[in-house]
Every structure is written in C-alpha cells, then in structure tokens.
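Every chain is numbered from 1 and lettered A, B, ... according to where its sequence line falls, protein lines coming before strand lines. Excluded from the calculations below are hydrogen atoms, water molecules and symmetry mates; all remaining heavy atoms, backbone and side chain alike, are included.
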2 protein chains.
Amino acid sequence: MKRHQVTIVDIAKQLNLSKSTVSRALTGHPSVHAATRQAVLELAEQLDYQRNMLAISLITNKTNTIGIIVPEFSSSFFPNVIIGAQEIASKAGYNTVICQSNETYETEVANTKVMLANQVDGLLVSITKETKNFDHLKVFQRKGIPIVFFNRVCDDMDVPKVIVDDFDGAYRAVTHLIESGRKRIAHLSGPPALKISEKRLNGYKAALRKNNIELDEELVIPYDLSLEKVPIYVNHLLNLDNPPDAIFAINDPTAIEIIQVIKKRGLKVPKDIAVVGFSNDYASGLIDPALTTVSQPVKEMGKTAAQLLLDQMNRDVADWKSIIRVLKTELIVRNSS
Amino acid sequence: MKRHQVTIVDIAKQLNLSKSTVSRALTGHPSVHAATRQAVLELAEQLDYQRNMLAISLITNKTNTIGIIVPEFSSSFFPNVIIGAQEIASKAGYNTVICQSNETYETEVANTKVMLANQVDGLLVSITKETKNFDHLKVFQRKGIPIVFFNRVCDDMDVPKVIVDDFDGAYRAVTHLIESGRKRIAHLSGPPALKISEKRLNGYKAALRKNNIELDEELVIPYDLSLEKVPIYVNHLLNLDNPPDAIFAINDPTAIEIIQVIKKRGLKVPKDIAVVGFSNDYASGLIDPALTTVSQPVKEMGKTAAQLLLDQMNRDVADWKSIIRVLKTELIVRNSS
DNA sequence: TCACCCTTGATGAAGCGGCACCAGGTAACT
DNA sequence: AGTTACCTGGTGCCGCTTCATCAAGGGTGA
C-alpha cells in the first residue's frame, strides 16, 4: 500500500498557484516569473517531488525507454552486450528494460507483450534458439516501434542488424587448425535454425574445402546449446573408429565444456586433441589450457546496436533503414591448439 | 515518430460500442454479453491491440514493476542474483527494471531518480563501494515504496536485507589455510566502508586469533576493488622482507587476478603461495590451478531478496518488517591451496 | 491625458488511455 | 405493472502538458 504521492497540485496549493504554472516552472518554460520558479523548485526539492513519468509518457506517447530481449544471462556474452548498449542509451537519455527469454519461444513472445504494454520506444533483440516465427516481432514494425537485431538475427525482417563476420571467424579458426597440422577436425555446431550456426558451419566447410580436406559429415554435430549434453557428443566423437584430432566449437562455453570432458578422459589438450572456441569469453583466457578462440567485439556490438536503434527512432517510419553492420572478429591463438 | 496506437476507443468505434463496454470485455468483467466480448476480443487480436500499462498504472498507482540497482554487471555475481530475482518476480507478475550504478555514488543517485520517476513498486539494491550517504534511498521509505538490500547492505536503514555469513565464510577459509600449514596469511580486503569487507576482515582476524597467529597489519591491504590495481598490491606483498605464504582475497575476481600475477612472477600456486577467494564465480573452477573459494548461494540470494520484497509490498507501511536473512556459505577446496 | 498595443506572468480547460461507478434500458418473469 | 437480471452508456479522474485566454502594467503617439 503506497502512500499518497506528491503531485504538482500539492505544490500549487501550498504556493497558491495554478498547476499549470507549477508545471511550467518545473519544465523550465520561459514565461514564469523567476521568483515563482524559485519558490516552486525549492518546495519541490523539499517535498521530494518526482515527476510522474507515467503521466508524462501518456501525454507525449514516448517513454524514453528501450527494451532489450536476450536469450540468457548466464554466460558473459549478453551481459557485456547490454553494458555497451546501456552506455549509449543512457547517454542519449534513455532507460532500458531488460528481459530474458530463457531460450524459449513462448517466453520471448511474452517478453514482447511486456515491452509493448510498457510502450518502449525501441527494441533490441537477440532471438532464442527456438524462434522460427517472427510475428510477435513484426508487430513492432507495424506499430512504428523500431527494432534492431544483434548477434542472433532474423533474416526475413528488413531492419537494422549487428552481427560479427561469423563465416570469416570460423574460416580463420579452422584454417589455423589445419595449418597447425590437424587433419580430422570436428565441429560441434549450433541449432541449424540460427544464422550464426549456419554461417560458422559454412566457414568451417569453406576452410576444409580450400585445403582439400574432404568434409566428413560424421564429424559435424549440431546441438541445441544445452551444455549438459556436450559430454555425450564429445564422447561420441572420441569413440569413433577414426576420432578427430581437433574440435571447433560453436562458442566458448561449449569449448570449455569440451576441454573438461577431454581432460576427464585422460587425453591431453592440445597434444591429443586441439580445441577452438568462438567468443573470447572472460573465462577463456583463464582455463587450462587457455582457449584458442575467435574474439568478437562484444561491448562494441551493444553500442552499435543501441546507436542504430537511436538513429532509427529519430527517423520517420517512412525513412527507416535496414543497415546490416558486420563487426570484425579476431583469432586469438592460445594454448588449446 | 510513432504511429497512432490502437486504443479501446478505436475498437469501440468499429463495433459501435462504448469504450466502457470494450474495457469491460477486455478485463473479463462478467456483465458483458458473450457475443459482445467475443467480438471485442477478436477485433483486439486482429488490430494487435495491447493494453497501455501507462494508463492503467496511472489509475491504479501501481506499475507491477520492481527496480534492481547493482553496482556492476561484469562479474558473474550480479547477473546471477538478477536471474534469481527475476524468476521470483515474474512468477508473481512483476517486471523488473535493472540499473547499473557503475560503482559510483552519483550514478546510483541518478538511478534512484529513474526508479522513482518510473514509479517502481519496490526496489532491490546492492550499494556501490562509494555509497556512504543514504538519503536517496531513504526517500523510498518515506514514499512508502519498500526496499530490500542484498549483498552490500546499508546498516542504518531498518529494512529487509539478504546477506551471506561473511564472517563465517572468511573464518573458515582462513582456518583452512592455517590447517594446511600456512603461517603468514595476507588479506587483500575491500573498501572499509562496505560491511562485507569489514565482516570478511573480521573473520580473517578471528581465525588468526583462534590459532594464536599474531595479526601483522602489513599483510592486510584494503583496496577499492579496481582489478587493475591488484598487481601493485600483490607485488608489494611478494617484495616484503618476510613475504606471505598465502593470500585470502575479498572476492573471486581479485583472487583470479592474484593468481595471474603470481604466475607471471614465476612462482607456483599453491606450492609457493596459496590463494583463496570468495564467491565461487563461474571462472573459479576453470582456471589453473582451480581456485579454492567460499561459495555463496548467488541465485538463492536473488530469490530470497525478491521474495522479501514481495512480502513487504503486500504489507501495509505500518507493518513493514526488517528481517535480515543470512545465507550459508560453503568452503570449496580446490587446487589453489 | 487617454486610447491603444505589447509584453509579462498567470489561469483554465482539454485530453493522453484506461478503469470504475452510477445510471439507464430492455426483456423476461412474477 | 412491478421486479429482477442483464447489458450497455456516460462521466469523472489518475498526473501532467499545452493551448488558448486574460489581467495588469508599461510604453507610445496624438
């Protein structure tokens, strides 16, 4: 049960003014006597008055809030993207509302409803691994609320996107493995529905082809990113008649898990099997052996996405652009390869 | 520039109804003809109608939103607390607005203003390392908006708090070091203003006393949690005439940094120097050597804090409680000690 | 000195989108 | 005809902005 909150009417009454005058004093309108303004500001301060943004937003049809929907929160990737995005957003005077979809489509849909109900001025999204239908996101476009995708994007929506060059990153990672003498390189891939899975897989394939290594389908395993399943797939690979001498993982958490499994089996990384990840998460440089990985500019991605969104919000719906910003990756060679 | 949004008036017009009827149909009021309700719901669906929570909140004086203010976002600790808190909050139908204070007092104050302006129904806070004045938080109490502190709490406010038993955790960590034969145990402590620093320091001291080891003030270094300064302090300790044979760190990121510095100097962990942390962050089990640390129930902390807040929100201001929930820690012995 | 206009500072009312309460109106039953 | 149950309409209001008004005073020219 909240108490009565202080409103401009309270201030107006105490100073014998109309609420319009108080409102103008507070918003810095010029046609207000300096003494009056002073009195209003002082009393407001004294009463802990806070403008009710709900009321203001209702009038201006603008909440100064941008929504961010991410699939999860537990690796370092998304929190860092959010840090970058918040930095840009708050500089521009925007607050952020963050939702996790927990990698499930239903939750993502629910999240978008929350965002709509709360009238966000724009939306930053990275979709779940399950999301195949995009109607819940297209609603925003129809309503004139700009969307920007980052990392995990939707191909059939014509909106700004921020991604890294997944193909190139994967290509270079695998090339590096080949150049260090690996012949049988496995790939623990992500859900085929995700573009990043597809592109990294293509980079992997291209690197093999370029080096005249025949693709062995047996060595490519798509999985749903549930870390607890990694041991199954790794053990399967290691039990093959002709096991791989290297594994390229869709991302760092997976790679880290792979290394744990390999070590548990008594094999040595990289002597017996090399492992390469993708992301350069915080933990990657710390584990033993330190993980070779493809670093992506995470915070930068958040910043870029937020900036694209702000740009879009400042445009008329008719002038909306659909820029795709591709950020560069960098291969970081450490001890796991 | 947003387009016109669909309102109940639009629906009312198209169906030749009054907006009251539409409102009642939408909110599930019983006294609406089934056919009418059906028509309203269908049209609403078709027009992508979304209730405007701003308007509703303005009327009900309730936003169904709880605010969370955390100092940072870059270690795994706070994101995990948030995961727990969001789980409980969303089950109870509440959204969350998250702000980072970036460990600075000014930002924290600004964050509280945002929370007030957005009319949050309750607030979860972990203060910055700088925060010594609490007026900006006391405002919430005066306005009848409940606050719950977690992890980093404010002692002179009578509100619910969730902490771990920092004293006990530190005591057991240091006791463990002593029992494994360490004689000169240093402590890289946190800012003295933070209760957790003080309590962990006290636990450290108590363990020494209990084992008749004299406290050497030279070995206790308070620092401001800026990781980039860790090398300075560690090198200082290692350069002492009588250097320590163990370091107990205020938290895991610090301990991890300490290990890096020690390794860089060519010394061995734990042979030359043992290191113990506090938190059991994700990375702690992965580094080499795996970090001995005091694990705290992070997600649990978020859940408990959120639950205490919900409880408080359901009480009248007069009945507010100020429970302090102390969660248990657990010593996890790994290879760094 | 007076009528007029302009400026300054303040007021009043409408309305943003929705809910809740008070009034009706209609049809069916007593 | 009166009562009841069912539906539906109208209005006020949540806190605030904004536009149209207006009163008071100062300056100007005849």
Side-chain angles (χ1 to χ4, degrees), chain A residues 1-41 43-44 47-64 116-121 143-145, chain B residues 1-41 43-44 47-65 116-121 143-144:
Chain A
M1 299 295 105
K2 279 199 227 170
R3 290 183 205 178
H4 169 73
Q5 70 167 301
V6 184
T7 73
I8 54 170
V9 178
D10 298 317
I11 298 180
K13 271 190 194 146
Q14 286 199 40
L15 295 176
N16 264 320
L17 289 168
S18 74
K19 63 174 184 168
S20 352
T21 306
V22 174
S23 168
R24 271 179 319 219
L26 252 18
T27 51
H29 193 95
S31 77
V32 151
H33 194 87
T36 313
R37 159 170 302 124
Q38 186 60 23
V40 169
L41 292 180
L43 187 56
L47 297 179
D48 287 325
Y49 170 78
Q50 282 289 336
R51 298 162 80 203
N52 186 334
M53 290 311 292
L54 298 177
I56 297 176
S57 298
L58 191 58
I59 295 172
T60 59
N61 197 23
K62 200 168 175 306
T63 52
N64 272 289
L116 280 179
N118 286 293
Q119 311 282 120
V120 294
D121 295 332
K143 288 191 187 281
I145 302 169
Chain B
M1 299 298 104
K2 279 197 228 172
R3 289 182 207 177
H4 170 74
Q5 70 168 302
V6 184
T7 73
I8 52 170
V9 178
D10 297 318
I11 298 179
K13 272 189 195 146
Q14 286 200 40
L15 295 176
N16 266 322
L17 289 168
S18 72
K19 61 175 185 167
S20 347
T21 304
V22 175
S23 168
R24 270 179 311 228
L26 252 17
T27 51
H29 194 96
S31 71
V32 169
H33 194 88
T36 314
R37 158 170 302 122
Q38 187 60 22
V40 169
L41 292 180
L43 187 56
L47 298 179
D48 288 324
Y49 170 79
Q50 281 290 334
R51 299 162 79 205
N52 186 334
M53 288 311 291
L54 299 176
I56 296 176
S57 298
L58 192 58
I59 295 173
T60 58
N61 197 22
K62 202 166 172 305
T63 53
N64 272 290
T65 301
L116 282 179
N118 286 296
Q119 312 282 117
V120 294
D121 293 334
K143 290 193 188 279

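- The heavy-atom pair separating A/Ser23 from A/Ile8 by the smallest distance is CB-CD1, 4.2 Å.
- In this structure, B/Thr27 reaches the sugar-phosphate backbone alone: every heavy-atom distance under 4.0 Å involves primed, P, OP1 or OP2 atoms, never a base.
- The C1' atoms of five pairs define one axis at each end of the helix from C/dT1-D/dA30 to C/dT30-D/dA1, and these two axes lie 70° apart (to 10°).
- With rounding to whole Å, B/Ile11 atom CD1 is found 17 Å from D/dT8 atom C1'.
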Please set out all donor-acceptor pairs under 3.5 angstrom arising from side-chain atoms of residues 28-38 of chain A, sequence neighbours excluded.
from: A/Arg37; atom 1: NH2; to: A/His29; atom 2: O; distance (Å): 2.4
from: A/Gln38; atom 1: NE2; to: A/Glu42; atom 2: OE2; distance (Å): 3.0

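- When side chains are defined from C-beta on, A/Ile59 does not count as touching A/Ile56, because their heavy atoms never get closer than 4.5 Å.
- Applying the side-chain contact (heavy atoms from CB on, under 4.5 Å) test to B/Ser20 and every residue at least two apart in sequence or in another chain returns B/Ser18, B/Arg24.
- Annotation: side-chain contact (heavy atoms from CB on, under 4.5 Å) contacts of A/Gln14 (sequence neighbours excluded): A/Leu43, A/Leu47.
- Taking the side chain as every heavy atom from C-beta outward, B/Met53 and B/Thr63 never approach each other to under 4.5 Å.
- The shortest distance between side-chain heavy atoms of B/Thr7 and B/Lys19 does not fall below 4.5 Å.
- The side chain of B/Ser23 contributes an N or O atom lying less than 4.0 Å from OP1 or OP2 of C/dC19.
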Anything under 3.5 Å between a protein N or O and an N or O of nucleotides 21-26 of chain D, put it in a table, one pair a line.
none

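- Under the rule for a side-chain contact (heavy atoms from CB on, under 4.5 Å), the partners of B/Ala44 that lie at least two apart in sequence or sit in another chain are B/Ile11, B/Leu26, B/Tyr49.
- Rounded to whole Å, atom P of D/dA20 lies 13 Å from atom NE2 of A/His29.
- Counting only heavy atoms from C-beta outward, the side chains of B/Asn61 and B/Gln119 approach each other to under 4.5 Å.
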With B for base contact, S for sugar-phosphate-only contact and - for none (protein heavy atoms under 4.0 Å), nucleotides 9-17 of chain C reads SBBBB-BBB

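- If you take CG of B/Asn118 and P of D/dC16, they are 13 Å apart, rounded to a whole angstrom.
- Put simply, the side chain of B/Val40 reaches to within 4.5 Å of the side chain of B/Leu17, judged on heavy atoms.
- Listed for the B/Lys143 side chain is no donor-acceptor partner under 3.5 Å among the backbone atoms of B/Leu116.
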